[in-house]
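Structure first, commentary second.
None of the values given here were measured: they were computed from a predicted structure. Letters A, B, ... mirror the listed sequences (proteins, then strands); counts begin at 1.
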Protein chains: 2
Amino acid sequence: MEKLSKELIGASTIPIILSILTKNESYGYEIIQNIKEISGGKIEFGEGTLYPVLHKLEKKGLIESSWKIAESGRKRKYYNISSEGEKELKIEKENWTTINQIISKIWKIEPNLI
Amino acid sequence: MEKLSKELIGASTIPIILSILTKNESYGYEIIQNIKEISGGKIEFGEGTLYPVLHKLEKKGLIESSWKIAESGRKRKYYNISSEGEKELKIEKENWTTINQIISKIWKIEPNLI
DNA sequence: CAAATATACATAGAAGTTCGATGTATAAAA
DNA sequence: TTTTATACATCGAACTTCTATGTATATTTG
């Protein structure tokens, strides 16, 4: 069970985060666990990796944050996707489809199911 | 007709270069034209981008170079993929398949796909 | 035939990224 | 009560991409 390359992780980080936030609001720590689970351990973000990405996305206006107190009494910074973020996700999905078509063409395999 | 994001290009650079060299030996300038053509202009490497990547791949032993004189009389640095490079390409292909499975899984969570 | 363009390689520096290390703080479990 | 899990944050090293710049030669155009 190997981990994926830095480059592939980097390319998928933003679409994955935005996709997760499209479904439900979430917070940094949970997003890390969520991605780890969904990817079967193949994508494991450190906190020092994810938090700056969230800050960057917020600064660009793609997500919005609000502090909340969980039932546990613990403070959490919840993130929601913005309408700008939804537009961006749409573009990212199209880009992902495009690169898959290019790669498939080069590899001469059937285009991917995405 | 938009260009792809830096991240997606970065993730695909090495597999694309190695794939091209699997078919035929080639040289920097030609690889740039080749990728531009295959991608329908969506991936356009500058020379300052590609040459350092080729040097890096050679340093890592994934490709090998040799100077040749073309019929035109022009000097060209031809690159071939090494057996190490073929192994690496196999891994890269597997990684690409994996990330696609993860991404498609995440996108299936929400109903409105592109 | 002179000038412009295309071919062909190379490096430097700016800007941006990932990621391990480190720090703070609190709740839950051992 | 000590450890582990939860939850946020920043820093600096290492690496990347990309624009700009430089060198040089062949081909095409005016």
Closer than 4.0 Å, any side-chain N/O of A:K77 to the OP1 or OP2 of D:dA9?
yes
Round to a whole Å and report the spacing from CD of B:E71 to C1' of D:dT25.
16 Å
In whole Å, I'd like the distance from the CD1 atom of A:I35 to the P atom of C:dT18.
12 Å
Ignoring hydrogens and angles, tell me if any N or O in the side chain of B:K23 forms a donor-acceptor pair with the backbone of A:I106 under 3.5 Å.
yes
Is A:G48 touching bases, backbone alone, or none of the nucleic acid, heavy atoms closer than 4.0 Å?
base
Sorted by number, the residues of residues 52-61 of chain B with heavy-atom contact under 4.0 Å to DNA chain D:
B:V53, B:K56
Return the value, rounded to whole Å, for the distance between atom NZ of B:K75 and atom C1' of D:dA24.
8 Å
If we only count heavy atoms from C-beta on, is the A:S66 to A:Y79 side-chain gap below 4.5 Å?
no
D:dC8 phosphate, OP1 or OP2: any side-chain N/O from A:Y51 under 4.0 angstrom?
yes
Has the side chain of B:T49 got a donor or acceptor atom that lies under 3.5 Å from a matching backbone atom of B:F45?
no
Please state whether the phosphate of C:dC9, meaning OP1 or OP2, lies under 4.0 angstrom from any side-chain nitrogen or oxygen of B:Y29.
no
Separation of C:dG20 atom P from A:K3 atom NZ, nearest Å, is 7 Å
Classify the nucleic acid contact of B:R74 as base, sugar-phosphate or nothing, counting any heavy atom under 4.0 Å across all strands shown.
base
When you measure from the centre of the six-membered ring of A:Y27, is the NZ or CZ of A:K77 under 6.0 Å away and within 45° of the axis?
no
Result for 5'-nearest mapping on DNA chain C, choosing between A:F45 and B:Y79, is B:Y79
Whether the side chain of B:S82 engages the backbone of B:E64 through a donor-acceptor N/O pair (distance < 3.5 Å, no angle test) should be reported.
no
Need one value for A:E47: base, sugar-phosphate or nothing, where a base atom within 4.0 Å counts as base even if backbone is also close, heavy atoms only.
base
Mind checking if B:S72 touches a base, just sugar-phosphate, or nothing, with heavy atoms under 4.0 Å?
sugar-phosphate
Between A:E94 and A:K90, is the closest basic N to carboxylate O distance under 4.0 Å?
yes
How close do B:E7 and A:G10 get, heavy atom to heavy atom, and via which atoms?
CG-O, 4.0 Å
Does B:T49 or A:T49 map to a spot on DNA chain C nearer the 5' end, using the closest nucleotide for each?
B:T49
Measure from CD on B:Q33 to P on C:dC9 and round the result to the nearest Å.
11 Å
For B:E25 and B:E30 the tightest heavy-atom approach is O-OE1, 4.4 Å
Whole-Å gap separating C1' (D:dA9) and CZ (A:R76)
17 Å
What is the distance, rounded to the nearest whole Å, between atom CD of B:E30 and atom C1' of C:dA8?
12 Å
Ignoring backbone atoms, establish whether A:Y27 has a side-chain N or O less than 4.0 Å from OP1 or OP2 of D:dC8.
no
Report the distance from atom CD1 of B:I31 to atom P of C:dA10, rounded to the nearest whole Å.
12 Å
